[in-house]
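Proteins come first, then strands; the chains are lettered A, B, ... in the order of their sequence lines, and each starts at number 1.
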Amino acid sequence: MAPQITQKSSESLAFLKSLNTAQLQAVLHEPTSPLQILAGPGSGKTKALTSRIAHLILHHSLPPSSICAVTFTNKAASEMRQRLGVLIGKQRTAEVRMGTFHASCALFLRKFSKVVGIEPNFTVCDAEESKKIISNLLKPHKNFLASKDITLKDGNVLSQISRAKAKGLDAKDFIAQHKATNEFDPQVDIQRVIGTVYEKYEKALRRSNSLDFDDLLLFGVKLFSEHPSATNWCRHVLVDEFQDTNVTQYELLRAIARPTKGCVTIVGDPDQSIYGWRSAEVGNLAKMRKDFPGTTQIFLEENYRSTGSILKASLAIVSQDKTRIPKTLLTSHPSGTVPVLRSFPSEQAEANFIAVEIKRLVAFMGGMLRWGDFAILLRFSALSRAIESALQKEAIPCAVLGGHKFFERQEIKDILAYLQLVDNPSFVPALTRAINVPSRSIGEKSLEAITERALKTKLSSLEVIERITDAKQPDVKPAVKSKLASFVKTVRALRQLAAKGASPPDLIQRLLELIGYEDHLKKTQPEWETRWENVQELITFASEVEQGVNLANVEPEDSAPSSDTPLRLFLQASMLSSEGDNQSEEDSKEKVTITTCHAAKGLEWPVVLIPAVEQGTFPFYRTEDFQEERRLLYVACTRAQSLLYLSHVTKRKVGGETKTRDLSEFVSAVTKEDSNMFTARVSQFAAIERAVVAQVLGRADAPEAEVARRVAEFRKTTRYLAFDGDETSQLDTLSFPALSNGMAPSFVASSKIASGSGGAPPQKTVSLHPMLLAAKAQSPQILAPITQNVASTSTSTVGSSNPSLKPAASDPSLKPAATIPTAVSTGGVKRRLGMGKGTMGFPNKKFKPPLL
DNA sequence: CTTTCCAAGACGAAA
DNA sequence: TCTTGGAAAG
């Protein structure tokens with residue numbers, strides 16, 4: 001493969017010009033010396049990574065196929081692929097070995113399966129199937145555990161086994177590690193049971209010719225370390241989100257990187273490590289520096305994503321962690337609108353606020369923002385209920401990511417089970433599922449009898465079934481032969497088709513006919529229409545995989561013939577992809593995103609709203625790592641580009657009973673120190689503020705007339721009091737036309753204001769002219785830093801060490817409205833900008849903010 | 001032996 | 001809201 005790389009490098013390296021100093025340094029860093037890029041949120045790490053790859057190829061003449069880039073999600077991989085394509089072209093990009101840890105391992109394991117003692121047609125066993133296996137293995141221990149008064153859930157056992165695997169401990173290691181020290185400790189019994197189950201679980205997987213997610217990595221390590229020639233192609237390894245790697249993944253990196261002799265580049269940010277619960281080891285950063293002598297660290301500290309005030313608040317949250325290594329982030333943007341923090345009496349009130357506020361923002365931004373610009377980030381998906389219905393009530397389209405994932409839906413798994421069985425007859429979980437779809441009246445007992453026979457005859461369960469229906473073997477106790485005729489017929493028909501090379505979409509179509517799946521859904525599922533649509537969606541997915549540039553490119557040196565059939569590729573893609581990966585782009589632009597904070601990592605939105613920022617939820621009450629919860633909130637906050645909203649409720653229904661809730665200590669600790677970090681007051685978005693939003697997003701500001709039109713429309717159509725009876729919400733106050741008409745001060749009657757700490761006195765009466773309120777609560781923080789930026793450098797520091805923002809913050813006249821006595825001087829505001837008259841206390845329209 | 005139906009209980013984050 | 005488990009019906 002002669003790389004035709006020697007071209008006008010001056011032209012192809014033009015992309016270097018768009019990098020900042022630190023990024024450039026990272027890109028140009030000597031390829032042979034190990035590199036850690038420590039990149040804060042929004043600091044252009046993907047840009048640095050892709051540029052480095054491009055530079056390795058264009059300048060250092062590395063063949064694209066000698067570069068291995070690993071990410072955690074398919075989404076991250078495809079984004080990287082897309083951006084690299086811009087730099088070096090689609091052709092060469094396709095040759096770069098890019099993918100998730102799991103997919104990359106699977107790729108090689110298919111080729112070298114025999115080396116590690118598995119068959120090339122192994123099936124990836126997902127968590128749900130693993131859980132079922134474990135649940136079965138746990139049954140014999142039920143009585144014993146019950147006698148000791150211990151309840152052991154299958155999920156718990158699975159996660160403990162998974163943790164062991166993530167650390168590279170096999171069943172023997174696990175048992176040895178939990179050798180009894182105290183015979184009377186119930187923990188000993190538990191660990192002993194888990195140890196046995198672990199052993200049996202492994203055996204079950206091997207018998208099923210199957211690897212679970214952890215196995216993909218473990219067998220990958222095994223392959224690469226025992227068969228180093230499998231990595232001969234490798235000249236450089238790059239790892240994204242390194243702070244979330246576990247021990248096994250780190251070993252994998254080391255194994256793959258062996259032939260490169262230290263040509264390793266990783267990108268990470270300890271502040272964004274949020275996967276400790278699935279065994280991520282931040283310590284891998286230090287470990288790498290030890291294992292790869294001479295590792296250089298480069299820090300990307302300039303944030304291009306968020307406004308100054310969002311960054312400032314986010315940093316204030318994360319830096320409460322005293323064990324954290326202090327770091328700063330610089331913003332290239334103006335301070336912008338102060339993040340909003342609000343309190344509500346109920347989930348419904350909170351959800352309503354979010355819905356109406358989204359509508360209001362769309363109106364006040366004159367159409368500059370669309371539904372797709374909003375994200376609601378949740379601590380866990382169950383919180384979406386109230387929010388979804390509130391959005392629905394306001395006719396706001398939304399897409400809930402996470403929650404029940406596409407490939408975990410039963411209708412999808414039904415179909416996949418048949419296909420898995422066709423590809424891998426030994427895969428028991430698929431058999432168990434498919435055998436009763438549609439119902440063939442095969443129960444637990446019958447299956448048990450079949451399994452028993454299979455074990456005795458050393459055949460797979462499926463073979464036993466086939467032999468019974470062929471009358472080559474006697475029937476089992478609960479007669480099964482007649483019941484399974486149609487099942488065997490179906491599997492055989494598909495097997496034949498697949499052998500002839502039928503495409504996955506065709507196979508699915510045929511399967512649906514053979515088992516009459518549509519009718520089956522109609523009969524058994526109340527929501528059969530949606531489910532049937534999902535099946536169609538699966539066919540679409542299958543055809544996409546089929547055409548999809550087969551990224552699994554040829555293996556030039558290692559002549560192992562690829563055993564990948566189209567069916568196998570499709571099945572693997574199904575098991576290793578997640579929901580977000582295949583949802584269409586246009587679709588998501590028109591919908592508000594609702595997702596978990598975890599799933600939001602690596603993404604950004606113009607407006608981010610985070611509800612339920614409460615004790616018990618955030619930090620989650622059962623968390624094992626308190627600081628990780630804090631970092632999670634930091635990650636969530638730093639997804640926001642222009643506007644950030646945090647909210648919490650004082651009462652939440654948990655399992656039937658209503659419990660009182662306090663504001664999250666992560667936030668109350670911040671507001672206690674600096675009450676201006678957040679405001680309870682939603683912004684009116686005068687021209688200058690809108691301009692900042694436009695600037696940060698790199699969009700054209702909306703025409704004033706359009707804004708006016710939409711705002712008027714919004715006021716006409718939205719009933720503010722949908723909120724909450726007595727609480728004349730501040731939103732109402734600010735949005736009412738009365739405000740701009742200069743209504744009497746008494747208009748602002750009483751408002752509950754969620755500033756300060758969570759347990760603050762809930763109500764204060766404010767009697768202040770709304771105009772002053774609006775101006776005071778907003779402009780200083782918005783405007784002061786802008787003038788500051790102009791005066792000083794083009795970049796303002798937002799770290800806690802930064803004194804430049806302090807004066808504004810400590811200005812007594814700038815305290816939140818609720819705590820201010822009646823008489824207030826507006827001098828501070830006027831001095832800075834000169835207020836236009838009659839424009840709500842904001843500068844007149846002609847004023848152009850000094851943008852950077 | 002299997003299926004169906006109904007009440008009670010739960011509810012963390014993911015490849 | 002969805003899952004789970006037990007009891008009765010098929």
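- The aromatic ring of A:Phe620 does not sit over the base of B:dA13; the criterion of centres under 5.5 Å apart with planes under 30° is not met.
- Minimum atom distance to the side chain of A:Thr623 is reached by B:dG12, of the listed B:dA13, B:dG12, B:dA15.
- If you measure from atom CZ of A:Phe380 to atom C1' of B:dA10, you get 12 Å, rounded to the nearest angstrom.
- For A:Ser439, counting side-chain heavy atoms from C-beta on, the closest listed nucleotide (B:dA14, B:dC1, B:dT3) is B:dT3.
- Both distances falling under 3.5 Å, in either a Watson-Crick or a G-U wobble arrangement, place B:dC5 opposite C:dG6.
- We find that A:Glu129 and A:Lys132 are not joined by a salt bridge, their nearest charged nitrogen and carboxylate oxygen being 4.0 Å or further apart.
- Of the candidates A:Phe666, A:Phe618, A:Phe620, A:Phe666 is the only one forming a ring-ring contact (aromatic ring centres under 6.0 Å, His included) with A:Phe626.
- You'll find that the side chain of A:Ser441 is closest to B:dT3, out of B:dA15, B:dT3, B:dG12.
- Rounded to whole angstrom, the span from the CG atom of A:Leu383 across to the C1' atom of B:dA10 amounts to 14 Å.
- At B:dA13, one or more side-chain N or O atoms of A:Ser381 fall inside 4.0 Å of OP1 or OP2 (strictly under the cut-off).
- When rounded to the nearest whole Å, the span between CD1 of A:Ile442 and C1' of B:dT2 equals 10 Å.
- Note on A:Glu624: nothing from the nucleic acid sits closer than 4.0 angstrom, heavy atoms only.
- Among the heavy atoms of the strands, none lies under 4.0 Å from A:Phe101.
- Here the C1' atom of nucleotide B:dG12 and the CG atom of A:Leu633 are 16 Å apart, to the nearest Å.
- Residue contacts shown for A:Lys483 are absent, as no nucleic acid heavy atom lies under 4.0 Å away.
- Atom-to-atom, CG of A:Asn156 to P of B:dG12 comes out at 12 Å; the value is rounded to the nearest Å.
- Between A:Leu218 atom CG and B:dA15 atom P there is a gap of 18 Å when expressed in whole angstrom units.
- Taking only side-chain atoms of A:Phe213, from C-beta outward, the nucleotide of B:dA15, B:dA14, B:dC1 with the closest atom is B:dA15.
- Of the two residues contacting DNA chain B, namely A:Lys445 and A:His598, the nearest-nucleotide position lying further toward the 5' end is that of A:Lys445.
- The side chain of A:Thr596 has B:dA14 as its nearest neighbour among B:dC11, B:dC1, B:dA14.
- Separation of the A:Tyr250 and A:Phe101 ring centroids does not fall under the 6.0 Å cut-off.
- B:dA14 makes up no base pair with any nucleotide shown, lacking Watson-Crick or G-U wobble contacts both under 3.5 Å.
- OP1 or OP2 of B:dA13 has not a single side-chain nitrogen or oxygen of A:Arg379 nearer than 4.0 Å.
- At whole-Å resolution of the value, NZ in A:Lys601 and C1' in B:dG12 are 16 Å apart.
- Residue A:Lys153 places at least one side-chain N or O under 4.0 Å from the OP1 or OP2 atom of B:dC11.
- In the set B:dA14, B:dC1, B:dA15, the nucleotide with an atom closest to the side chain of A:Ser446 is B:dC1.
- When ring centroids are compared, A:Phe224 and A:Phe108 come within the 6.0 Å threshold.
- A:Glu241 has a carboxylate O that lies under 4.0 Å from a charged side-chain N of A:Lys45, or vice versa, which qualifies the two as a salt bridge.
- When the C1' atom is used for both B:dA13 and C:dT4, the distance is 23 Å, rounded to whole Å.
- Distance, A:Glu444 CD to C:dG5 P: 12 Å, rounded to whole Å.
- At the heavy-atom level, A:Leu632 lies nowhere under 4.0 Å from the strands shown.
- Under a 4.0 Å N-O distance rule, the pair A:Lys139/A:Glu444 qualifies as a salt bridge.
- A:Pro41 has its side chain within reach of A:Arg639: a pair of non-hydrogen atoms, C-beta onward, lies under 4.5 Å apart.
- Comparing B:dA13, B:dC11, B:dT3 by their nearest atom to the side chain of A:Asn436 picks out B:dT3.
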